[in-house]
Amino acid sequence: MSALNLYDTATREVGVFKPLQPGQVSIYVCGATVQAAPHIGHVRSAVNFDILRRWLIWSGYDVTFIRNVTDIDDKILQKAVIEKMQWWALAMKYERIFNSAYAALNVMPPTYEPRATGHITQMIELMQTLIDNGAAYAPGNGDVYLEVRKLKRYLTLSGQKLDDLQPAADVDAGASMKKDPRDFALWKAAKVGEPSWPTPWGAGRPGWHLECSAMAHTYLGEAFDIHAGGLDLIFPHHENEIAQSEAAGHKFANRWLHNAWVTQSGEKMSKSLGNTLQVDVILQRVRGIELRWYLGSAHYRSMLEYSEAALDESAVAFRRIENFINRATELLGEQPTPVVNDAFCAAMNDDLAVPAALAGISENLRLGNQGITDSDLTIVAKAASEIRGALQILGCDPLDQNFAQSAPANVNEALDGVIHLALKERTAARERKDFAASDAIRDGLLELGITIEDTAQGPRWSMTEKS
RNA sequence: GGUCGGAUGGCCGAGAGGCGAGGCAAGGGACUGCAAAUCCCUCUACACGGGUUCAAAUCCCGUUCCGACCUCCA
């Protein structure tokens with residue numbers, strides 16, 4: 001088996017992945033700032049790194065996967081005012097919505113999901129270290145800043161030069177307390193009516209970046225394997241995480257992975273453009289497993305240009321695969337055993353080349369369908385096993401219990417019985433060549449969203465989405 | 001201004017020196033009472049201009065266009 005190769009944003013090269021500890025992988029993914037409901041760009045990130053995680057687990061690694069929740073920041077406070085809620089109630093509300101989106105898309109829950117507000121102590125310790133080192137300073141107004149000019153290296157992830165940056169457009173006069181306009185706030189002084197926590201430098205709340213360094217350190221140690229997040233986090237968020245962590249003497253992340261965006265008309269999905277597509281809206285159009293398939297099928301470093309047509313096409317393609325798995329399961333009399341074949345393995349080891357892996361699935365789908373036509377169960381079993389193996393890694397196994405619909409246990413059985421009564425009548429009509437009657441039954445069922453197919457093994461039915 | 005990414009057939013979407021990934025759509029065929037499903041066959045590409053090379057979608061130089069980031073962002 002080939003070794004896993006991954007792209008590293010820091011070196012901008014694909015290279016062999018070697019964990020710091022043999023057999024173990026530690027991953028920190030920047031999760032949600034819970035200030036609004038997720039759009040499909042947010043969950044694309046979750047799906048992409050869930051696929052990475054599943055691949056690492058399949059490859060035999062013991063994976064510790066930390067994905068944080070940032071539950072205190074400027075936008076949360078602003079949003080709380082707008083929605084007339086306590087900031088903590090608002091954060092919790094959106095955290096739940098994020099979690100239900102993750103669940104609908106079969107994203108594995110993280111090993112641990114730390115919240116920023118639960119790690120104030122660790123943040124204060126980190127700031128104390130940075131002040132003791134001379135890397136950070138508290139000018140006395142309650143803010144604490146990192147002094148970026150003192151850093152040995154800064155902006156190496158984004159490849160920029162400090163002097164090339166446009167100076168931050170700080171609005172408040174407090175910015176003048178900075179030694180350099182490019183210094184960033186580790187900690188922000190309390191304002192009236194805003195939540196705060198006591199520190200040796202005054203009461204306040206975390207700046208945006210500090211929480212990730214503190215939590216990564218807490219759960220993964222001073223050095224860990226992979227830090228991941230969206231492309232737009234490279235600067236400033238990840239640069240600043242690196243800056244404050246390295247200034248505290250931590251090696252921090254060994255490798256950086258960034259997923260690309262979901263775009264519309266070539267433009268990144270964002271609130272300010274008003275072009276966001278919320279997950280719950282899309283889930284009225286397609287099922288969770290179909291949305292996951294769509295989001296996961298492009299390479300994680302490629303922009304995914306959203307369109308309804310592309311989403312629909314992707315969903316139809318997935319249903320073909322699902323249909324084959326279901327038919328194969330019926331024919332074989334048992335669920336196919338998942339098998340990861342060499343082609344899939346090679347594709348995934350090449351920087352998670354999912355699109356290349358999909359070509360292999362298509363090939364197997366063709367062979368498997370041919371096997372069904374020929375009633376060659378050996379071929380059907382092989383194809384179904386290999387497809388299911390791939391689908392499991394992609395988190396899109398239609399037989400996965402996480403995608404099962406909730407309904408009374410006997411509903412499917414009862415429905416099956418009712419449909420078979422109708423099919424019996426239809427078969428009788430066909431035997432007496434009364435095709436008008438047999439077609440009427442089939443059309444009637446179709447109107448209810450039930451598709452009838454005549455096969456060599458007799459009629460079979462399946463539920464389809466009513467359009 | 002600085003940094004980064006992109007442009008591939010009707011559409012989506014890989015590839016990164018040599019054999020045209022794959023899917024969808026379209027056309028033809030097989031199967032079928034009709035349909036659905038399935039299978040087979042066919043077709044259409046590398047933004048533009050130079051260069052390197054036996055060979056360029058791929059490397060180099062230049063150009064155009066699109067997008068992202070520059071302390072709010074997945």
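Order of the sequence lines sets the chain letters (A, B, ...), proteins ahead of strands, with each chain counted from 1. As the structure is a prediction and not an experimental result, all values here were calculated from the model.
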In plain terms, say whether A:D163 and A:K161 are close enough for a salt bridge, that is, a side-chain N and a carboxylate O under 4.0 Å apart. no

Suppose we call a contact any N or O donor and acceptor under 3.5 Å apart; does that hold for the side chain of A:N240 and the base of B:U71? yes

Mind checking whether A:F252 and A:F224 have ring centres under 6.0 Å apart? yes

Atom-to-atom span, CG of A:L277 to P of B:A74 - whole angstrom: 15 Å

Does A:A260 reach a base, just sugar-phosphate, or nothing at all? Heavy atoms under 4.0 Å. base

For B:U58 and B:C40, measure between their C1' atoms and round to the nearest Å. 33 Å

Modelled atom types, side-chain donor and acceptor of A:S213 and A:S245, under 3.5 Å: yes

Taking only residues two or more places apart in sequence or in another chain, which ones pass side chain to side chain contact (heavy atoms under 4.5 Å, CB included) with A:T33? A:Q35, A:T70, A:D73, A:I76, A:W208

Look up atom OG in A:S385 and atom CG in A:N341, then write down how far apart they are to the nearest 0.5 Å. 10.5 Å

List the residues meeting salt bridge (Lys or Arg N to Asp or Glu O under 4.0 Å) with A:R53, not counting sequence neighbours, and say none if there are none. none

Ring pair (Phe, Tyr, Trp, His ring centres under 6.0 Å) contacts in which one or both residues fall within residues 287-313 of chain A, not counting sequence neighbours: A:W293-A:F318

Mapping A:G31 and A:A359 to their closest nucleotides on RNA chain B, which lands nearer the 5' end? A:A359

Return the residues of residues 99-109 of chain A meeting this criterion: a heavy atom under 4.0 Å from some atom of RNA chain B. Order them by number, or give none. none

How are the rings of A:Y112 and A:Y219 set relative to one another: parallel (under 30°), tilted (30 to 60°) or perpendicular (over 60°)? tilted

Base of B:G2, side chain of A:Q160 - is there a donor-acceptor contact under 3.5 Å? yes

Measuring only between side-chain heavy atoms, which start at C-beta, is A:E267 closer than 4.5 Å to A:W261? no

Can you figure out which of B:C72, B:C39, B:A74 approaches the side chain of A:K75 most closely? B:C72

Protein-nucleotides 9-14 of chain B N/O pairs under 3.5 Å:
unit_1 : atom_1 : unit_2 : atom_2 : d
B:A14  : OP1    : A:H299 : N      : 3.0
B:A14  : OP1    : A:S302 : OG     : 3.3

With a non-hydrogen cut-off below 4.0 angstrom, is A:Y7 in contact with a base, only sugar-phosphate, or nothing? nothing

Figure out the CE/C1' separation between A:M269 and B:C69, and round it to whole Å. 18 Å

B/S/- contact track for nucleotides 25-36 of chain B, protein heavy atom under 4.0 Å: --------BBBB

Residues which pass salt bridge (Lys or Arg N to Asp or Glu O under 4.0 Å) with A:E305, listed by chain and number, not counting sequence neighbours: none

What's the gap between B:U53 and B:G13 when it is taken at their C1' atoms, as a whole Å value? 30 Å

Return the value, rounded to whole Å, for the distance between atom CG of A:L365 and atom P of B:G22. 14 Å

Would you check, one step at a time, whether the test salt bridge (Lys or Arg N to Asp or Glu O under 4.0 Å) holds for A:D454 with A:R426? CA-CA 11 Å; A:D454 294 324; A:R426 179 169 170 270; 3.0 Å; yes

A:R327/A:E330 salt bridge by N-O under 4.0 Å criterion: no

Sequence neighbours excluded, which residues qualify as side chain to side chain contact (heavy atoms under 4.5 Å, CB included) partners of A:T117? A:D71, A:I72, A:W87, A:R115, A:W197

Sequence neighbours excluded, the answer for salt bridge (Lys or Arg N to Asp or Glu O under 4.0 Å) partners of A:E83 is A:K79, A:K93

Gap in Å between the two P atoms, one belonging to B:A14 and one to B:G28, rounded: 31 Å

Tell me the interatomic distance from A:I372, atom CD1, to B:C40, atom P, rounded to whole angstroms. 14 Å

For RNA chain B, produce a single dot-bracket line, 5' to 3'. Pairs: Watson-Crick or G-U wobble, both distances under 3.5 Å. Symbols: ( ) within strand, [ ] crossing, | other strand, . unpaired. (((((((..(((.....[...))).(((((.......)))))....(((((..]....))))))))))))....

Side-chain ion pair, A:R430 and A:D439, N-O less than 4.0 Å: no

Between P of B:C69 and CG of A:L231, the distance in whole Å: 10 Å

What interatomic distance, in whole Å, is found between P of B:G9 and the corresponding atom of B:C48? 10 Å

Select base, sugar-phosphate, or nothing to describe what A:G41 touches, counting heavy atoms under 4.0 Å on all strands. base

Closer to the 5' end of RNA chain B via nearest nucleotide, is it A:H39 or A:A185? A:A185

Between atom CH2 in A:W293 and atom P in B:G23, what is the gap in whole Å? 12 Å

When the P atoms of B:G18 and B:A55 are compared, how many Å lie between them, rounded to an integer? 14 Å

Tell me, please, which residues at least two apart from A:H42 pass side-chain hydrogen bond (donor to acceptor under 3.5 Å, both in side chains). none

Among B:A68, B:C39, B:U71, the one nearest any side-chain atom of A:N369 is B:C39

Which whole number of Å gives the distance between the P atom of B:G10 and that of B:A26? 15 Å

Could you tell me whether the phosphate oxygens of B:C69, OP1 or OP2, come under 4.0 Å of any side-chain nitrogen or oxygen in A:K268? yes

Look at the side-chain N and O atoms of A:R320 and state whether any lies under 4.0 Å from the OP1 or OP2 oxygen of B:C24. yes

If I take atom NE2 in residue A:H237 and atom C1' in nucleotide B:C72, what distance separates them, rounded to the nearest angstrom? 12 Å

Distance between P atoms of B:A25 and B:C12 (Å, rounded): 15 Å

Taking B:U64 as the reference, what is the distance to B:G49 when you measure between their C1' atoms (whole Å, please)? 10 Å

Find every protein N or O atom lying less than 3.5 Å from an N or O atom of nucleotides 57-60 of chain B, and list the pairs.
none

Nearest-nucleotide pick for A:N259, side chain only, options being B:C39, B:C4, B:A74: B:A74

Give A:V262 one of three labels, base, sugar-phosphate or nothing, depending on what nucleic acid heavy atoms sit under 4.0 Å from its own. base

Between atom CD1 in A:I321 and atom P in B:G23, what is the gap in whole Å? 11 Å

Taking the basic N atoms (NZ, or NE/NH1/NH2) and the acidic carboxylate oxygens, is any pair closer than 4.0 Å for A:D376 and A:K382? no

May I ask you to decide whether A:R285 forms a salt bridge with A:E308, counting only side-chain N to carboxylate O separations under 4.0 Å? yes

Does the side chain of A:R301 get closer than 4.0 angstrom to OP1 or OP2 of B:G6 through an N or O atom? no

Report the C-alpha distance between A:M348 and A:V354 in whole Å, list the side-chain angles of each, state the deciding distance to 0.1 Å, and finish with yes or no for side-chain contact (heavy atoms from CB on, under 4.5 Å). CA-CA 6 Å; A:M348 292 303 283; A:V354 174; 4.1 Å; yes

